[in-house]
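Report on one structure; see the data block that follows.
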Amino acid sequence: MDCFLKASNIIEKYKKPVCSISGGKDSDIMLDIITKVDTQHKVMYVWLDTGIEYQATKNHLEYLKQKYNIKIHIEKAVKPIPVACKEYGYPFVSKHISEMMYRLQKHNFQWEDEPFESLIVKYPKCKSALKWWTNQKGNMQGKISRFDIAYNKYLKEFIITNPPNFRISNKCCEYAKKKASHLYSQLNNCDLDIVGIRKAEGGARAGSYKNCFTNNTEDISHYRPLFWFTNEDKKVYDRLFNVVHSDCYNLYGLKRTGCVGCPFGRDLENEIEVMKKYEPKLAKAANNIFKESYEYTKKYRQFAAYMKANKGGDSIAKND
Ligand code: SF4
């Protein structure tokens, strides 16, 4: 009830709200809520086509259109994922790590294991990425920050032993998702952006918000109707309102659906197997796009597992 009242209240105050649909579980619940409270039918719905998408998601969008009798506008990526990856580099482990490695590679960093003070002399325009590399963020508070490389166990040791021979970047997030959604809102003079981010999903995206609403009088405001939903709340909502999710969950058995085959995926190996079984062409496409990152990620995971099993590794060289 809180959620319905809040959603109704907020939507009422805006003239041109836009709701970003992904076809995922959270998005399904958000859509159910918004369509129930949007009595004036003023909310526009948009789906971002990143250039590599499950057929099951596309089918689900058709189902949603009919179920709620709504139009869902398909917005093409400013640069589709395959293009953005080719141009800027490939995602590796997480958004933050990819961004830091992108910056270091841009300055021709040689992955030296040296203190910040000497590295900043060699690479003076790379301060924040060098702070990540030398664990300066947490050092200041006497602990490891999630913005330090040490937050990901044995990553630094791995990179030093196996420097990447391909470009790393998170720019596809910017060009395939962020910019496309921003452009759509701008072109349509939208004043409220509605997205399905939940605090409980964790990670940098959810962590960058404190509550469900960001009022912005000069620009577009942002509303996250599911922000306080727990996993249990989602189950209850599904049951109460008979929400049907896409085949990605019901048939393929995936637990999450983000970008198809994104190397950040926690359950990546399983996702690749699922793709091979249900959407084999997509599996091939994902492998073509992310091949180098998949191999490098696998190598890192094996390295970390080896180091953990050997309590830090008596000799890194042994792993080679
Ligand atoms: S989630 Fe992964 S694949 Fe999708 S745009 Fe971001 S980095 Fe690229």
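In each ligand, atom 1 is the first atom listed, and ligand 1 is the first ligand listed.
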Below 30° counts as parallel, above 60° as perpendicular, anything between as tilted: where do the rings of F4 and Y237 land?
tilted
Take F116 and W133, measure what ring pair (Phe, Tyr, Trp, His ring centres under 6.0 Å) needs, and give me the verdict at the end.
CA-CA 8 Å; F116 176 79; W133 177 251; over 10 Å; no
How are the rings of Y209 and F227 set relative to one another: parallel (under 30°), tilted (30 to 60°) or perpendicular (over 60°)?
perpendicular
Could you label the plane-to-plane angle of the Y294 and F290 rings as parallel, tilted or perpendicular, counting under 30° as parallel and over 60° as perpendicular?
tilted
With under 30° as parallel and over 60° as perpendicular, where do the rings of Y88 and Y102 fit, or are they tilted in between?
perpendicular
Is it the case that one hydrophobic cluster holds both V43 and I29, taking links as side-chain heavy atoms less than 4.5 Å apart, direct or via other members?
yes
Among the protein atoms near atom 6 (Fe) of ligand 1, how many are N, O or S and lie under 2.8 Å away?
1
